[in-house]
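These numbers were taken from a predicted model, which means no experiment stands behind them.
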Amino acid sequence: MKRTAFLGALTVAGIAASAAMAQDVSTIDQVKERGKLNCGVTTGLVGFAAPDANGEWQGFDVGVCRAVAAAVLGDANAVEFVPTTGKTRFTALASGEIDMLARNTTWTFSRDVDLKFEFVGVNYYDGQGFLVAKDLGATSAKELDGATVCVQTGTTTELNLADFFRANDMSYEPVPIETNAEAQQQYLAGACDVYTTDASGLAATRATFEDPSAHILLPEIISKEPLGPLVRHGDNNWGDVVRWTLNALIAAEELGVTSANIGELAASPGKNKEINRLLGSEGTLGEMLGLDAEWAKRAVMAGGNYGELFAKNLGEDTPIALARGLNAQWTQGGLLYAPPFR
């Protein structure tokens with residue numbers, strides 16, 4: 001799910017530069033004037049971003065979009081979700097079609113620097129894995145010599161795959177796909193022995209199978225895939241808004257602020273000054289962002305803090321059944337960490 005900069009880097013960077021020169025109004029002002037946040041998401045990955053039976057978008061990345069809309073517009077539902085593929089996502093952001101991208105996208109040097117985007121943080125620490133049918137008989141990715149592999153072309157997934165097989169003196173036959181839905185169809189039809197992408201995406205995909213237990217994730221994780229929201233270079237104020245909205249969700253969990261108790265904590269400020277600053281009962285953090293004092297309160301109320309969003313969409317009590325792992329708070333042995341609200 002992670003398209004690297006070699007595909008159309010100059011084109012995307014050129015679009016971004018042109019868009020930046022053409023924008024006389026900041027993104028936050030455009031969003032406010034429009035009354036709606038245009039948020040780029042995947043075309044459909046259960047747990048992260050997918051429409052439910054009623055056509056309502058649900059998922060972990062969707063929750064980030066709604067939190068930003070709530071912070072800026074006061075309405076978590078004031079979001080236009082724009083489905084994007086690996087090929088279209090960067091052009092959509094660079095051209096201004098979307099205000100932010102929250103779509104299982106890996107933070108890399110070239111995307112940050114060469115494509116002129118700004119990653120505002122990491123909302124999921126991931127790594128590339130391999131999904132196979134149990135009856136294939138493989139227990140390790142190092143047993144996949146000669147396998148056919150479904151992989152999105154032109155992605156970091158594709159490059160990591162080539163590196164892994166080369167390093168282990170193995171060969172494989174790539175089966176190119178464009179979307180997760182296409183990969184699932186091809187894999188289940190037997191067009192490929194293996195499906196490779198982010199391990200979280202593989203778990204989410206497997207959860208939708210008629211018999212998930214007939215398929216296994218092999219133990220190897222062959223890359224670092226820090227996934228997070230991104231915006232265009234050059235609009236620092238908007239970048240700050242999206243960055244600190246994500247940080248608010250992370251900090252709220254650490255501080256014990258939940259969708260259930262946030263009203264009480266905001267109404268009756270306590271001794272924890274950071275909670276008071278986060279919720280706007282002390283200080284002027286909202287003013288610094290160009291927002292009101294309750295921006296972070298609304299962001300958390302939109303869908304809960306980081307932990308609530310994770311548990312609802314991805315956690316061990318969902319069909320996807322992902323453990324927190326690296327995505328646990330730093331106080332719980334994970335990598336999740338928000339800078340101080342002061």
Side-chain angles (χ1 to χ4, degrees), residues 1-2 41-53 58-62 83 85-86 103-104 106 124-153 155-158 160-162 164-165 168 170-223 225 227 310-327:
M1 293 206 176
K2 309 162 288 287
V41 291
T42 184
T43 53
L45 182 62
V46 172
F48 284 93
D52 63 17
Q58 306 289 344
F60 185 67
D61 289 331
V62 166
T85 67
R103 186 203 174 279
N104 309 82
T106 303
Y124 195 94
Y125 291 94
D126 212 340
Q128 184 174 333
F130 299 91
L131 179 70
V132 299
K134 275 186 179 178
D135 61 14
L136 187 67
T139 58
S140 166
K142 294 180 179 179
E143 299 171 359
L144 297 178
D145 190 19
T148 53
V149 184
C150 281
V151 58
Q152 282 197 17
T153 56
T155 59
T156 57
T157 304
E158 184 182 35
N160 295 334
L161 176 68
F164 177 78
F165 272 75
N168 287 283
M170 299 189 303
S171 65
Y172 68 98
E173 181 182 343
V175 178
I177 50 93
E178 294 296 336
T179 66
N180 186 68
E182 182 186 354
Q184 178 174 328
Q185 180 183 25
Q186 295 281 64
Y187 171 78
L188 291 176
C192 55
D193 302 311
V194 185
Y195 177 28
T196 184
T197 187
D198 298 338
S200 66
L202 295 176
T205 300
R206 182 178 62 173
T208 67
F209 291 174
E210 184 175 346
D211 182 10
S213 66
H215 305 267
I216 59 171
L217 285 168
L218 297 178
E220 287 84 1
I221 298 295
I222 66 169
S223 68
E225 307 295 339
L227 310 178
F310 192 104
K312 175 184 176 182
N313 295 292
L314 304 172
E316 293 180 289
D317 291 332
T318 71
I320 300 171
L322 290 172
R324 287 291 291 266
L326 295 178
N327 297 292

Evaluate the side-chain proximity of [Y] to [X]: yes if any heavy-atom separation is below 4.5 Å, no if none is.
X	Y	value
Val149	Cys192	no
Leu314	Phe48	yes
Asn180	Tyr195	yes
Gln184	Phe209	yes
Lys142	Asn168	yes
Asp145	Ser171	yes
Phe310	Leu322	yes

Are Ser200 and Asp126 close enough that a side-chain donor and a side-chain acceptor fall under 3.5 Å?
->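 Yes, because at least one side-chain N or O of Ser200 sits under 3.5 Å from a partner of the opposite role on Asp126.
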Residues Thr148 and Glu173: side-chain donor-acceptor under 3.5 angstrom |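 Not at all, the side chains of Thr148 and Glu173 share no donor-acceptor pair under 3.5 Å.
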Over 12 non-hydrogen atoms of neighbours within 6.0 angstrom of CD in Glu143 |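 Atom CD in Glu143 is packed in, count exceeds 12.
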Is atom CG of Asp52 surrounded by more than 12 heavy atoms (other residues, nucleotides or ligands) closer than 6.0 Å?
->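 More than 12 heavy atoms, drawn from other residues, nucleotides or ligands, come within 6.0 Å of this atom.
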Would you please classify the geometry between the [Y] ring and the [X] ring as parallel, tilted or perpendicular, with 30° and 60° separating the classes?
X	Y	answer
Tyr172	Phe165	tilted
Phe130	Phe164	tilted
His215	Tyr187	tilted

The single option from Thr196, Asp198, Thr156, Thr197 passing side chain to side chain donor-acceptor pair (under 3.5 Å) against Gln128 =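 That would be Thr196; it is the only one of Thr196, Asp198, Thr156, Thr197 passing the side chain to side chain donor-acceptor pair (under 3.5 Å) with Gln128.
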Testing the basics here: between [X] and [Y], what is the closest heavy-atom pair and its distance to 0.1 Å?
X	Y	value
Leu218	Thr139	CD2-C, 3.8 Å
Pro174	Val151	CB-CG1, 4.2 Å
Pro219	Ser140	CD-CA, 4.3 Å
Pro319	Ala207	O-CB, 3.5 Å
Ala138	Val132	O-CG2, 4.5 Å
Val194	Ala147	CG2-CB, 4.0 Å

Kindly say whether Ile216 contributes a backbone atom to a donor-acceptor pair with the side chain of Lys134 at under 3.5 angstrom?
->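 Flag not set: sc Lys134 to bb Ile216 has no pair under 3.5 Å.
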Donor-acceptor contact below 3.5 Å, side chain Thr318 vs main chain Ile320 |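 Between the backbone of Ile320 and the side chain of Thr318 there is a qualifying donor-acceptor contact (under 3.5 Å).
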To the nearest 0.5 Å, how far apart are [atom1] in [X] and [atom2] in [Y]?
X	Y	atom1	atom2	value
Lys312	Asp317	NZ	CG	14.5 Å
Glu158	Ile177	CD	CD1	10.0 Å
Tyr124	Leu227	OH	CG	8.5 Å
Tyr125	Arg324	OH	CZ	12.0 Å

